[in-house]
Amino acid sequence: MPETALDLLHPVVDDGAIAAGQNGQTVVYVLEGLYAHAAAAQLALPAGALYSPPSGSTTPSPDCRVVSTDLQRKPAGYAHLRITCGPVTGDGGGAGGEKEPLSSYWEVRFTRVEKPLEALCGPSAGDPNVHELKYWQAETDPDLWDAFKYKDPKTKEEKTLSEASKTIAEKMKKGTTSYLRFVPTVTRTRIYDSPPGDIGSALGSMSAPSKFASTAKAWLVTGDDLTQDAGGKWTRVTAWQGAEAWDPDLYGTNAMKEGGSGGTGGGQ
């Protein structure tokens with residue numbers, strides 16, 4: 001069988017033991033590898049997925065249910081993938097898997113996000129360049145402007161937009177200043193006869209939902225609300241926000257702390 005992204009990761013070892021932490025009924029496994037492999041493995045392990053821990057684990061079962069995952073960027077293009085697992089249940093999805101809900105249903109909504117054309121610019125040589133587009137937009141010579149040229153503000157040298165930047169400039173000449181993207185928010189509503197004990201435990205983790213995970217490249221758990229109705233039943237609503245990427249310097253267990261303590265560099 002071909003290797004998966006998960007197969008390309010290996011357990012973080014300390015004195016010959018797999019780095020795992022017990023927290024009640026959950027176990028945290030830490031895997032290490034290239035950032036691209038760890039990110040792909042995270043998408044393949046949404047909340048509720050079955051996971052077979054690495055050999056040498058102290059977990060009582062050969063399989064466990066993923067509660068949440070968290071991606072931590074490390075130096076030299078590497079990353080740690082933290083997988084928080086709970087015992088296997090028949091429910092099959094989401095944080096809080098150790099307590100069976102009376103009922104459960106899912107919902108996905110898409111929000112329209114308007115972005116400026118400059119958001120398509122990037123740092124690579126083949127990307128549109130935001131600086132030369134800015135210089136071209138400020139060019140006062142109509143002939144240069146119309147020919148997608150500009151004078152360098154420092155050297156006064158006449159320059160031509162790169163092909164990638166010209167693609168954006170052509171749209172700007174037509175009056176287009178922005179474009180639309182559509183980002184998903186997934187919610188899962190569960191009804192319980194008593195409050196679950198792990199409320200809020202996955203908040204802020206870069207963990208994908210067990211349904212609709214393919215609608216976004218990266219996920220963040222942004223809500224985990226619990227209310228009781230007049231009949232005594234408890235309603236839990238967990239929310240996942242999709243995005244192109246979440247910066248691990250700002251989100252997840254490795255996020256930088258207020259006041260400057262903790263966290264590492266190297267954000268996306």
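Worth saying up front: this structure is predicted, and the values here are computed from it rather than measured. Nothing fancy with the numbering, it's 1 onward along the sequence.
Residues R190 and S104 come closest through the heavy atom pair CG-OG, 3.6 Å. Here the closest non-hydrogen pair linking A79 and Y35 is CB-CD1, 3.6 Å. Residues W219 and P209 share a closest heavy-atom pair of CD2-CD, 3.5 Å. Residues V186 and K211 share a closest heavy-atom pair of CG1-O, 4.1 Å. Here the shortest heavy-atom pairing between A245 and A218 reads CA-CB, 3.7 Å. Minimum interatomic distance between G242 and V183 (heavy atoms only, all atoms of both residues): O-CB, 4.0 Å.
Relative orientation of the Y251 and W246 rings is perpendicular, given thresholds of 30° and 60° on the angle between their planes.
Clustering ILVMFWY residues whenever any of their side-chain heavy atoms sit less than 4.5 angstrom apart, transitively, puts L144 in a cluster other than the one holding M172. L120 and V113 end up in different hydrophobic clusters when Ile, Leu, Val, Met, Phe, Trp and Tyr side chains are linked at under 4.5 Å. Linking ILVMFWY residues whenever their side-chain heavy atoms come closer than 4.5 Å, directly or via other members, places W106 and V108 in the same cluster. Tracing side-chain contacts under 4.5 Å through hydrophobic residues (I, L, V, M, F, W, Y), one never reaches L43 starting from L8; they form parts of separate clusters.
The backbone N or O of S201 sits nowhere less than 3.5 Å from a side-chain atom of D198 that would complete a donor-acceptor pair. Side chain of W234 to main chain of P196: no donor-acceptor pair is present (N/O by atom type, distance under 3.5 Å, no hydrogens or angles). The main-chain N or O of L81 is never found under 3.5 Å from a side-chain atom of Q72 such that the two would form a donor-acceptor pair. Formation of a donor-acceptor pair under 3.5 Å by the S162 side chain with backbone atoms of S165 is found in this model.
Residues that satisfy the side-chain hydrogen bond (donor to acceptor under 3.5 Å, both in side chains) test with E114, not counting sequence neighbours, are S178. A search for salt bridge (Lys or Arg N to Asp or Glu O under 4.0 Å) contacts involving E170 returns nothing, not counting sequence neighbours.
The line from OG1 of T187 to CD of E107 is 4.5 Å long, rounded to the nearest 0.5 Å. Atom CG of D152 and atom NZ of K159 lie 4.0 Å apart (nearest 0.5 Å). For the atom pair I168 CD1 and E118 CD, the distance stands at 8.5 Å (nearest 0.5 Å). Here the CG atom belonging to L226 is positioned 9.0 Å from the OH atom belonging to Y192, to the nearest 0.5 angstrom. Taken from CG in D70 to CD in Q42, the straight-line distance is 7.0 Å, to the nearest 0.5 Å. Atoms CD and NZ, on E32 and K74 in that order, are 8.5 Å from each other to the nearest 0.5 Å.
Residues T4 and D7 meet the side-chain proximity criterion, which asks for heavy atoms closer than 4.5 Å. Side-chain atoms of L34 and Y78, non-hydrogen and from C-beta on, do get closer than 4.5 Å to each other.
R236 pairs with exactly one of D225, D193, D224 by the salt bridge (Lys or Arg N to Asp or Glu O under 4.0 Å) rule, that one being D224. Among the candidates L71, L31, V12, the single residue satisfying the side chain to side chain contact (heavy atoms under 4.5 Å, CB included) test with H80 is V12.
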- Message: I'd like to know whether F212 forms a side-chain contact (heavy atoms from CB on, under 4.5 Å) with W240, so could you lay out the CA-CA distance, the side-chain angles of the two residues, the decisive distance to 0.1 Å, and finally the verdict.
- Response: CA-CA 10 Å; F212 309 114; W240 292 262; over 6 Å; no
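Applying the side-chain hydrogen bond (donor to acceptor under 3.5 Å, both in side chains) test to pairs two or more places apart or on separate chains, those with a residue in residues 134-150 are D146-K173.
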